[in-house]
Amino acid sequence: MVSRDQTPPAFVRLAAHPLRWRLLTALATSDYRVRELVHLLGEPQSLVSYHLRLLRGGGLVTAHRSSFDARDSYYHLDLERCTHALTATGLALHPALRLAPTPPPATATPRLRVLFACTGNSARSPIAEALLRHRTGGHVKVTSAGSHPNPRIHPHAVRVLREHYGIDLADQRPRHLDTMAHRRFDHLITLCDKVREVCPDFTGRPRQTHWSIPAPPPTHVLDHPATSDLDRAAMSDVDRASYSACRDMAAEIDTRIRYLLPVLAHATNSEIEP
């Protein structure tokens with residue numbers, strides 16, 4: 001007998017509202033500011049803000065201040081949280097409806113070209129480039145660039161990728177967005193609020209996605225061969241904070257990359273279908 005007191009899971013209660021579902025659908029494709037969501041959905045800002053607060057309260061959506069304009073906030077759909085919520089929802093309905101806790105592995109053909117962009121091309125975008133290449137086995141043509149490239153890759157970004165992902169970025173140098181001006185891309189992914197405002201138009205009008213990810217703090221660790229042998233205990237507080245921030249940033253980017261893979265695979269399959 002079904003209990004009369006049984007209520008739907010929290011995810012169902014949140015997502016079942018038509019406007020909240022439209023917000024989730026929009027944020028599944030990119031991070032957005034409130035005014036952009038108002039434009040996309042064609043609804044009053046007060047109504048959009050109200051439902052965003054409910055989604056944030058339910059843990060499905062996060063928000064943080066824009067690094068370009070602190071008066072703005074970017075909203076992000078936590079797909080990992082959604083995955084676990086959907087798994088719990090399925091189990092609440094029937095034990096057989098157990099969903100995989102992570103997105104399925106996906107591959108794509110070399111025809112897809114992806115560009116990651118941030119301001120300095122020293123941490124966020126080269127990390128994303130390296131992780132996408134790593135997770136697709138090199139089957140996606142991926143590169144990265146910056147609007148104002150730094151002289152070198154952030155030393156903690158190099159260290160985090162080597163220690164946690166087995167990827168070596170030691171010989172890579174930041175690139176300028178201008179060097180990409182005449183290249184064609186299928187996907188343009190900006191990881192910096194500032195570069196999103198100045199990113200040039202590219203031939204072929206690539207699909208644009210924004211991942212609003214704060215830059216890691218600076219470090220006093222020198223970019224020399226001995227850096228990888230530094231003992232964490234000998235690092236300054238600033239350097240430890242910078243290393244931890246780079247590690248957490250790489251983990252967030254890696255999560256986003258994992259959820260990007262099925263999108264790339266779907267785009268590839270759509271291209272080859274008759």
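Counting only distance, with no hydrogens or angles, the side chain of R20 and the backbone of L14 share a donor-acceptor pair below 3.5 Å. Checking side-chain atoms of S244 against main-chain N and O of A241 turns up no donor-acceptor pair under 3.5 Å. A donor-acceptor pair under 3.5 Å is formed between the side chain of H64 and the backbone N or O of S212. H148 places no side-chain N or O within 3.5 Å of a backbone atom of V195 that could act as its donor or acceptor partner. No side-chain donor-acceptor contact under 3.5 Å links D186 to the backbone of P206. Put simply, the side chain of T190 never gets that close to the backbone of C192: no donor and acceptor are under 3.5 Å apart. The closest donor-acceptor contact from the side chain of H176 to the backbone of S147 lies under 3.5 Å.
In plain terms, the two heavy atoms of L169 and P126 that are nearest each other are CD1-O, 4.1 Å. Closest heavy-atom contact between A123 and H154: CB-CB, 4.1 Å. Shortest non-hydrogen contact noted between L77 and C82 is CD1-SG, 3.6 Å.
The pair R35-D72 counts as a salt bridge, with a side-chain nitrogen and a carboxylate oxygen less than 4.0 angstrom apart. Electrostatic pairing of E80 and R258 counts as a salt bridge here, judged by a charged N lying under 4.0 Å from a carboxylate O. Electrostatic pairing of R196 and E36 counts as a salt bridge here, judged by a charged N lying under 4.0 Å from a carboxylate O. One finds no salt bridge joining R124 and E252 here, because no Lys/Arg side-chain nitrogen approaches an Asp/Glu carboxylate oxygen to under 4.0 Å.
Using a 4.5 Å cut-off on side-chain heavy atoms (C-beta onward), Q45 and V48 make no contact. In this structure the side chain of I189 reaches within 4.5 angstrom of the side chain of L260, judged on heavy atoms. Residues R152 and S122 are not in side-chain contact: their nearest non-hydrogen atoms beyond the backbone lie 4.5 Å or more apart. Looking at heavy atoms from C-beta onward, V61 lies out of side-chain contact with H76 at the 4.5 angstrom threshold. Under the 4.5 Å side-chain criterion, counting only non-hydrogen atoms from C-beta, Y165 is in contact with V160. Taking 4.5 Å as the limit, every side-chain heavy atom of E197 sits out of range of all side-chain heavy atoms of D193. By the 4.5 Å heavy-atom criterion applied to side chains, R22 and E43 are counted as neighbours. Looking at L177 and L115, their side chains come closer than 4.5 Å, going by heavy atoms from C-beta outward.
In the hydrophobic clustering of ILVMFWY residues, with side-chain heavy atoms under 4.5 Å counting as a link, L188 and I253 come out apart. In this structure, V12 is not a member of the same hydrophobic cluster as L93, with clusters built from ILVMFWY side-chain heavy atoms closer than 4.5 Å. Cluster annotation: I167 is connected to V140 through the hydrophobic network of ILVMFWY side chains, with a link wherever side-chain heavy atoms come within less than 4.5 Å. Taken together through direct or relayed side-chain contacts under 4.5 Å among Ile, Leu, Val, Met, Phe, Trp and Tyr, F202 and V114 form parts of separate hydrophobic clusters. Placement of L52 and L60 within a single hydrophobic cluster is found when ILVMFWY residues are connected by side-chain heavy-atom separations under 4.5 Å, directly or transitively.
Put simply, CZ on R71 and CZ on R65 are 11.0 Å apart, with the number rounded to the nearest 0.5 Å. Distance check, rounded to the nearest 0.5 Å: CG of L27 to CG of L40 gives 9.0 Å. Taking CG of L264 as the reference point, atom CG of L112 lies at 6.0 Å (rounded to 0.5 Å). Rounded to the nearest 0.5 angstrom, I213 CD1 and D248 CG are separated by 12.0 Å. H134 NE2 to L161 CG: the interatomic distance, rounded to the nearest 0.5 Å, is 9.5 Å. Here the CG-CG distance, from D254 to L131, works out to 5.0 Å after rounding to the nearest 0.5 Å.
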* To do: Using the side chain to side chain contact (heavy atoms under 4.5 Å, CB included) rule, take T209 and V263 through it: C-alpha gap first, then chi angles, then the decisive distance, then the call.
  => CA-CA 12 Å; T209 300; V263 175; over 6 Å; no

* Given F116 and C118, is the side chain to side chain contact (heavy atoms under 4.5 Å, CB included) satisfied, shown in steps? -> CA-CA 7 Å; F116 290 104; C118 67; over 6 Å; no

* Candidate pair T143 and R175, rule side chain to side chain contact (heavy atoms under 4.5 Å, CB included), full reasoning -> CA-CA 9 Å; T143 189; R175 314 176 188 96; 3.4 Å; yes

* To do: I would like to know whether Q172 and E129 meet side chain to side chain contact (heavy atoms under 4.5 Å, CB included); could you show each step before the answer?
  => CA-CA 11 Å; Q172 184 164 318; E129 173 191 356; 3.2 Å; yes

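Heavy-atom neighbours of H17 NE2 from other residues, nucleotides or ligands within 6.0 Å: above the threshold of 12. Atom CZ of R205 is surrounded by 12 or fewer heavy atoms from other residues, nucleotides or ligands within 6.0 Å.
Aromatic ring centres of H210 and Y74: separated by under 6.0 Å.
Judged by a 6.0 Å distance limit and a 45° cone about the ring axis, R33 is not positioned over the six-membered ring of Y75.
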